[in-house]
Amino acid sequence: MILLLLPSLSVAQGVDEILTPVAGEQLEEPDPGLDIPGAVTVLDRDNDAGDQLEVYFEPPADLEGILAYNIYRRAVSDEGNEDWSLVKIIPVIEPTEFIDGYDPEYPIEPGILYEYKVASTSITGEEFFGPVCRAEIVSQGEFYHTGKTRVLIAGALFIFLIFYYFGKAQRGFKMYLRPIAGIEAIDEAIGRATEMGKPVLYVPGLSTISDVATIASLTILSRVAKKIALYQTPLLVPNRDPIVYTVADEVVKQAYLEAGRPDAYDPDSVFFLTDSQFAFVAGVNGIMMREKPATNFYLGMFWAESLILAETGSLSGAIQIAGTDAVTQLPFFITTCDYTLIGEELYAASAYLGREPKQIGAVKGQDSCKAIIMVFITLALIFGIIDIVADTHILDWLRNIVTSPIID
Amino acid sequence: MLNIDRRWIFLAIGVVSIVPFLIGIGMPVSTTVEVENIFDYVNELGKDDAIFISFDYAPGTQAENTPMAIAVMRHALHNDVSVFLTANQPLGHGMAIGALHYVTDPAIPDFYESVSFEDWSALRDAGIVDKDELVSAWESEGNVLPEGCSGWIFEGRDYALLGYAPVFNLVILGMTNSIEAQYPQDAHGNSTGEMPMLRDHKSLREVDLALSCSGSGACVWWITYAREKIGMPVAFGVTAVMATDYYPYIQSGQIIGQMGGLRGAAEYEVLLYENGVTVTTGKAFTGMDVQSAAHLLIIFLIIMGNIAFFAGGFHKKTALKGRG
Amino acid sequence: MIVLVGGILMIVQYFIPHQYSQNIFNYYTEWAPIVGAFALILGVGSLTRVHSHKIRRKAKNWQFSWAVLIPLYGMPFFALIWPQSLWGGMEEPGIFDFVFMHIQVPIQATMFSLLAFYIASAAFRAFRAKSALATVLLLAAVIVMLGQVPIGEMLGRWLPETGLWILRYPNLAAKRAIMLGVGFGILATNLKIIFGVERNWLGGAGK
């Protein structure tokens, strides 16, 4: 009786959830040369799906001869107890605590009661068990992740700002967008192709539909295709991604419909080429050298192939308009293309072309979000200098507010 | 001079690329802290640890990315660290196979002798999975290490070719819970559940490092889905043109280090050589001579272009047009 | 409506760790690869249609369309239906491996190596010190280029050190600023898509 009570006494000091040794379970007689671990404490882990438990146990007083601790667990239910499973081995030099549920072979189920027992293991593999302890709590999932509060606040703030400017623009508030040379040149570029009787080549980037640059590019494609439909200029849209191809096809078809020229739409003008990066570039280069388009658009996400594309287009004598948020490729486009949309100008292009209030409002919302970040960066710079001069830790305080640690 | 035919420039680049490669000058390469951090980290790992090497690149960038992957793979195998080989695209899978063949090619110094998963099944069934015991048992069966070989590597214990799986960002996310759930079989059809390295490292939480060798932005997936979710250490091996993009991640501590381009691979090869892991440097070190010559030529062309531009008075014409 | 509901659901799901929320996410992660796989069929169908039209009509350079279609269907054939090696049997390498390692890999590496030639040509043609800022850019480029190669170190230790300083400080600051800007652009564009402000990407379905 005294032996069974000892684990309860030892964990009663300041621990919220305790384990109760199970009556009737016999303890192993300890080898005089190997001490046994103490009671096991189990807490429900916060901010999880009910599939993790925090497990602590008291290390033995004497660690002599102990190589590691073997932690066993079993589920307890009215229908009967399961067999014990070895869920964790902790070397003796490591802390006597772990998160149970990480091992995919031994998952924790929400709402299930578990028992634990910990054994000191000798170098020969002999196990000397501590008390069997049953958790008084079961694992439960939470409906809100408290560790993501900073993300929620920041996200809510930024979303609010964007919607605020949406509303402001819709109420008729005039907002200024600076001219973007590349976008203003689109009409001129299409007109040039029409005069020369040559096609327009539009490359919507090499990324997938989940990439925002691709979506921005397809938005511009819609407007470009509408103009092309009116001028009856041939259009070529090679695609690297099959999903982007299907969307681009629909976008161009719809553009021709809206322009009142559905008969002029050529289904072969939008096509899938290959999903291999450099094979795609080789294919587009071949199209450029054979078809000799008068205007090339490179709008979307590009990688190392950007210079090959743009240089070949330059060799073919076409006017070239590029736009990407891939910063590393911008220098290549700037040197070889006539106009380049840099970074966010690609995203702002759809607002600029359509001049719809909500689109312009979104651009303003982005700018206001950036202004907030600029304030934080300025504060961090000032606090960093103060910390150096006055030996304070104000910057750490700001860092704790803005950043969040690893949360899973 | 400004209207010089491009083909002369192409010829010059061709010559300066080929000649240093044939001559083999061997200029010394100093190392940077970004690469040393990766080396030091892998150097601390041992036979109970595991790393992922993700071949997130296509054959186009293999000249820069493959030497990086091979250098780190050699380092890990030298320390008996288990290596998982994955790819985010089908072509990357081919690159992983090529790298494995390179590391096990007897014609190349510092090669390893590979033992397939099936060949050592008897020892595995007998419960022999510790590396030292495995090598002793394998050699006691009459298997002799070839001359010049750096050691035995056992499939399923030292390396596993997991290969390509679609929508790789979600695969990484899934591997934070269970690697076997994402890859029930490896690329050779072996059951991953029977592999000792999978039993010891069941999820990415138990893996010590992910090295993403990438020619595109796919390396950032490892930060988003592994590093930020479970705190897994991540390192990058990217092309030189992309390397500048990821310095913010180094400074913020989200990646432990970065190998940038051929230079980064050459630095790692030098570190391996200087620390006695390999007996020679590799292709990246040889390529640095070519890169030196090519960079000098490009700088020369820039200078000549500017001289011709200013000497011809074009800068004045440009100013007059208001397009300065 | 699908995008609206799906987008809001996934935003909300991020903040809910409960098992019900995880089940929704797992459901999505199981479906995403399936949708992607079917999209590939559409892409292959498009490529086949375009080139078979060209062959049928004997359009200009129609012979090259065979060069597209034969490997397009040949490689899966050698991978799945006839995976033997060139010498028969199942010893490696199979024909698929041989074609991949000895044709596709060198071709792709060759395409990438074109960059070296094009960069040299672009450098000669376009890198001009037209203004003060352009001159600063040129100098920084020269220092970084020389600092990256062993010959720069031989010219002087200050070259690689200055080059690394440029990469670790001014470059880092600029890249971080651009990342932030692009990040907010992504946020705004995604909100526009989710809430239906941006519908051009839907094509006909957006009207």
Side-chain angles (χ1 to χ4, degrees), chain A residues 48-49 51-52 87-89 91 98-99 101-107 147-148 151 181 205-208 210-211 213 240-241 243 274-282 301-308 311-312 314-315 324-332 335 338 399 403-408, chain B residues 6-7 10 48 57-65 89-92 94 167 169-170 173-182 193 198-206 214-218 225-233 238-246 252-254 261 302 323:
Chain A
D48 69 339
D51 56 357
Q52 289 167 21
V87 296
K88 186 75 178 175
I89 300 173
F98 72 104
I99 307 292
Y102 280 167
D103 191 329
E105 225 170 305
Y106 306 108
K148 294 180 182 176
V151 177
L206 275 73
S207 190
T208 58
S210 57
D211 195 319
R240 186 214 175 176
D241 184 79
I243 298 180
T274 172
D275 74 341
S276 169
Q277 180 186 10
F278 286 98
F280 178 82
V281 167
M301 174 58 83
F302 294 88
W303 290 287
E305 72 290 337
S306 57
L307 183 63
I308 301 177
E311 188 72 4
T312 308
S314 166
L315 276 170
T324 181
D325 59 356
V327 178
T328 34
Q329 309 310 320
L330 284 171
F332 304 128
T335 52
D338 298 279
R399 187 180 287 129
T403 62
S404 57
I406 305 295
I407 46 185
D408 266 349
Chain B
R6 284 167 216 254
R7 285 172 289 186
F10 295 162
D48 295 326
Y57 63 94
T61 59
Q62 63 159 346
E64 288 181 284
N65 289 126
Q89 51 177 303
L91 294 172
V167 198
N169 50 339
L170 298 180
L173 196 58
M175 286 198 292
T176 58
N177 292 325
S178 168
I179 297 172
E180 190 185 344
Q182 302 302 312
L198 258 291
R199 286 206 292 269
D200 293 337
H201 308 280
K202 292 176 187 166
S203 70
L204 287 183
R205 293 181 195 274
E206 293 165 348
S214 175
S216 66
Y225 297 107
R227 160 74 189 160
E228 292 305 312
K229 188 172 190 284
I230 60 172
M232 181 186 188
V238 295
T239 57
V241 75
M242 287 168 56
T244 56
D245 275 357
Y246 301 119
S252 65
Q254 286 167 299
I302 292 172
R323 283 170 57 196

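Keep in mind the model is a prediction, meaning the values are calculated, not measured. In the text below, chain A, chain B and the rest are named by the order of the sequence lines, each starting its count at 1.
- Contacts of B:S216 with chain A are made by both backbone and side-chain atoms, with heavy-atom separations under 4.5 Å.
- Top candidate by heavy-atom pairs under 4.5 Å with chain A, chosen from B:S203, B:S178, B:P90, is B:S178.
- Taking every heavy atom of both residues into account, A:T328 and B:M242 meet most closely at CG2-CA, 3.9 Å.
- Within the model, atoms CG of A:D51 and CG of B:N177 stand 7.5 Å from one another, a figure rounded to the nearest 0.5 Å.
- Taking the side-chain contact (heavy atoms from CB on, under 4.5 Å) definition, one finds that A:T312 meets it with A:N285, A:M288, A:M289, A:I308, C:Y118, sequence neighbours left out.
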Check against side-chain contact (heavy atoms from CB on, under 4.5 Å), B:T61 and A:W303
CA-CA 11 Å; B:T61 59; A:W303 290 287; over 6 Å; no
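- Within the 4.5 angstrom heavy-atom criterion, no atom of B:R199 approaches chain A.
- Between B:R6 and A:L315 the shortest heavy-atom distance is NE-CD2, 3.1 Å.
- Legend: residues meeting side-chain contact (heavy atoms from CB on, under 4.5 Å) with A:A304, ordered by chain and number and at least two apart, are A:Q277, A:F278, C:F112, C:L115.
- One distance of note links OG1 of B:T176 with OH of A:Y102; it measures 10.0 Å at 0.5 Å rounding.
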